Amino acid sequence: MNIILLGPPGAGKGTQAQRLVERFGMKQLSTGDMLRAAVKAGTPVGLKAKAVMDAGELVSDEIVSALIGDELDAMPEGQGAIFDGYPRTAAQAASLDEILASRGKALDHVIELDVDEDALVERITGRFTCASCGKGYHDKFERPSVEGTCDKCGGHEFKRRPDDNEETVRTRMAEYRAKTAPILPIYEARGIVARVDGMADMDAVTASIEKVLQG
Ligand code: ADP
Ligand code: ADP
Ligand code: ZN
């Protein structure tokens, strides 16, 4: 099964993707994570993407679609993909169709995380992740059960994203509204969109998504 998690920054895409990976053995394909890895490694893609990401704008369609194609090719036969943060433009949606079709794959569901924009700034400015395993946390909504220790891997180091500040978040939300939200009708026309209440607590959101996947 291949699904897209669609929603503005802070909607809970990464959080829910990590849970689906654990429960169903699917693979999370986050273009944001791929780009941050490229920035950290100082690759040509990373060098190009850094300033764009720091500004909260969108990296070029060609770059992100190439990253997705490469990751799909590295996956074992039969493993399901969770597209997290991709596609974000109509051009990327068209590329994804081609990328999947040329590999004999198809999209099963587009899960739209429906959230109240006013809550997103608080979600994003309180977000942090484990530096060793990447598990996501929040200052208020999901603290490690033992202070300073990662629940998943026992790590003690955590990090915050440089673009998770209020000003950049506003730009990222505007980008979402202008370029990403308009791709929903493409998938609605195919009858594969399921709208999930992203304002519910994390477990309830997970339960709603599992219901969609189990059809
Ligand atoms: P996205 O990947 O869509 O940008 P994340 O999954 O990283 O969003 O979530 C943003 C922040 O909000 C994280 O710190 C996460 O712990 C928190 N969060 C995610 N889902 C919920 C929820 N349903 N209720 C409260 N906080 C949440
Ligand atoms: P969030 O889910 O919190 O919005 P991401 O980690 O998905 O953040 O993305 C962080 C940044 O990486 C974006 O603001 C953008 O600059 C870049 N990016 C990630 N995915 C894409 C994409 N599919 N197309 C263009 N830019 C992207
Ligand atoms: Zn960890």
Side-chain angles (χ1 to χ4, degrees), residues 4-19 28-39 45-46 48-68 82-93 95-96 111-116 119-144 148-164 168-176 179-180 183 196-209:
I4 294 174
L5 293 180
L6 199 70
K13 304 179 297 293
T15 301
Q16 297 302 326
Q18 288 184 346
R19 290 167 171 225
Q28 177 185 9
L29 298 178
S30 160
T31 41
D33 287 348
M34 294 171 203
L35 290 166
R36 280 184 288 279
V39 169
V45 162
K48 245 192 220 166
K50 187 179 185 314
V52 179
M53 294 171 77
D54 285 343
E57 289 160 11
L58 292 184
V59 172
S60 82
D61 294 330
E62 292 72 22
I63 287 180
V64 292
S65 292
L67 289 171
I68 284 284
I82 305 162
F83 297 100
D84 162 9
Y86 177 91
R88 262 175 154 95
T89 63
Q92 291 177 28
S95 294
L96 180 59
I111 313 259
E112 182 197 1
L113 292 171
D114 192 19
V115 285
D116 171 0
L120 298 180
V121 172
E122 187 185 19
R123 279 201 191 174
I124 287 183
T125 53
R127 164 162 66 187
F128 61 98
T129 54
C130 171
S132 2
C133 75
K135 175 167 173 21
Y137 292 97
H138 191 279
D139 290 329
K140 197 161 142 192
F141 305 126
E142 194 181 14
R143 303 193 63 90
T149 303
C150 175
D151 292 349
K152 190 174 165 195
C153 76
H156 295 294
E157 222 186 293
F158 298 90
K159 56 183 185 185
R160 290 174 194 264
R161 284 167 45 180
D163 59 337
D164 277 351
T168 308
V169 169
R170 301 278 176 207
T171 309
R172 285 157 60 197
M173 281 191 216
E175 290 281 72
Y176 180 83
K179 296 171 187 164
T180 309
I183 69 179
V196 161
D197 177 13
M199 294 310 294
D201 70 57
M202 290 176 211
D203 292 343
V205 177
T206 307
S208 307
I209 295 174

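Bear in mind the structure is a predicted one, so any value in this text is a computation, not a measurement. Read the numbers this way: they start at 1 and go in the same order the structure lists the ligands and their atoms.
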- line: Closest to atom 2 (O) of ligand 1 among protein heavy atoms sits Gly14 N, 2.9 Å

task: Check whether any side-chain heavy atom of Asp54 lies under 4.5 Å from a side-chain heavy atom of Pro162, and answer yes or no.
output: yes

message: Check contact between Arg127 and ligand 2, using heavy atoms of the residue and a distance below 4.0 angstrom.
response: yes

query: Relative to atom 26 (N) of ligand 2, which among Val59, Asp54, Val39 owns the nearest non-hydrogen atom?
result: Val59

message: Using a 3.5 Å cut-off on N or O atoms only, is Gly85 in polar contact with ligand 2?
response: yes

- prompt: Using a heavy-atom cut-off of under 4.0 Å, does the side chain or the backbone of Arg123 touch ligand 2, or both, or neither?
  reply: neither

Identity and separation of the nearest protein heavy atom to atom 8 (O) of ligand 1: Gly12 N, 3.2 Å

Option set Asp33, Leu35, Thr31, criterion heavy-atom distance to atom 18 (N) of ligand 2, minimum: Leu35

message: Quick one, Ser95 and Asp61 - any side-chain contact, counting heavy atoms below 4.5 Å?
response: no

query: Quick one: nearest non-hydrogen protein atom to atom 13 (C) of ligand 1, plus distance?
result: Tyr137 O, 3.8 Å

task: Could you tell me whether Glu57 and Lys179 have a side-chain N and a carboxylate O separated by less than 4.0 Å?
output: no

query: Less than 3.5 Å between some nitrogen or oxygen of Asp84 and one of ligand 2, yes or no?
result: no

query: Would one find an N or O of Phe128, backbone or side chain, under 3.5 Å from an N or O of ligand 1?
result: no

query: At their closest point, which heavy atom of Pro144 faces which heavy atom of Phe128, and how far apart are they?
result: CD-CZ, 4.0 Å

query: Mind checking whether Tyr137 and Phe158 have parallel, tilted or perpendicular rings, split at 30° and 60°?
result: perpendicular

- request: Salt-bridge test for Asp164 and Lys159: reply yes if a basic N is under 4.0 Å from a carboxylate O, no otherwise.
  value: no

- prompt: What protein heavy atom sits nearest atom 19 (C) of ligand 1, and how far away is it?
  reply: Thr15 OG1, 3.4 Å

Closest non-hydrogen atom pair between Lys13 and Leu6, with its separation: CD-C, 4.3 Å

Phe141 N/O to ligand 1 N/O under 3.5 Å: no

- prompt: Which residue from Gln16, Met202, Arg160 reaches closest to atom 21 (C) of ligand 1 through any of its heavy atoms?
  reply: Met202

field: Expected output: side-chain Arg172 to main-chain Pro9 donor-acceptor under 3.5 Å
entry: no

- prompt: Using heavy atoms and a threshold below 4.0 Å, how should the contact between Lys13 and ligand 2 be classified: side chain, backbone, both, or neither?
  reply: side chain

- request: To the nearest 0.5 angstrom, please state how far the OG atom of Ser132 sits from the NE2 atom of His156.
  value: 9.0 Å

message: Less than 4.5 Å apart, side chain to side chain, heavy atoms only: is that true for Met53 and Thr168?
response: no

- line: Rounded to 10°, the SG/Cys150 to the Zn ion (ligand 3) to SG/Cys153 angle comes out at 120°

query: Hey, what's the angle at the Zn ion (ligand 3) spanning SG (Cys130) and SG (Cys133), nearest 10 degrees?
result: 110°

query: So between Ala11, Pro8, Gly10, Gly198, whose heavy atom ends up nearest atom 4 (O) of ligand 1?
result: Gly10

message: Test your reading of the structure: does Tyr86 have an N or O sitting under 3.5 Å from an N or O of ligand 2?
response: no

message: On a heavy-atom basis, which atom in Met199 and which in Ala119 lie closest, and how many Å separate them?
response: CE-CB, 3.5 Å

field: Per-atom contacts of ligand 2 with Gly32, taking only distances under 4.0 Å to non-hydrogen atoms
entry: 5 (P), 6 (O), 9 (O), 19 (C), 20 (N)

Of Val52, Ile68, Leu58, Val45, the residue whose pairing with Ile63 passes side chain to side chain contact (heavy atoms under 4.5 Å, CB included): Val45

query: Is there a nitrogen or oxygen of Ala200 sitting under 3.5 Å from a nitrogen or oxygen of ligand 1?
result: yes

message: Which option wins on minimum heavy-atom distance to atom 9 (O) of ligand 2: Arg88, Arg172, Met53?
response: Arg88

- request: Could you tell me which atoms of ligand 2, counted from 1 in the order shown, lie closer than 4.0 angstrom to a heavy atom of Gln92?
  value: 22 (C), 23 (N), 24 (N), 25 (C)

Heavy-atom closest contact (Thr180 atom, Arg88 atom, distance): OG1-O, 2.7 Å

- prompt: Considering only the protein, which heavy-atom contact is closest to atom 10 (C) of ligand 2, and what is its distance?
  reply: Arg161 NH2, 3.4 Å

message: Would Arg36 count as being in polar contact with ligand 2, using the rule that some N or O on each side must be under 3.5 angstrom apart?
response: yes

field: Min side-chain heavy-atom separation Val121-Arg170 under 4.5 Å
entry: yes

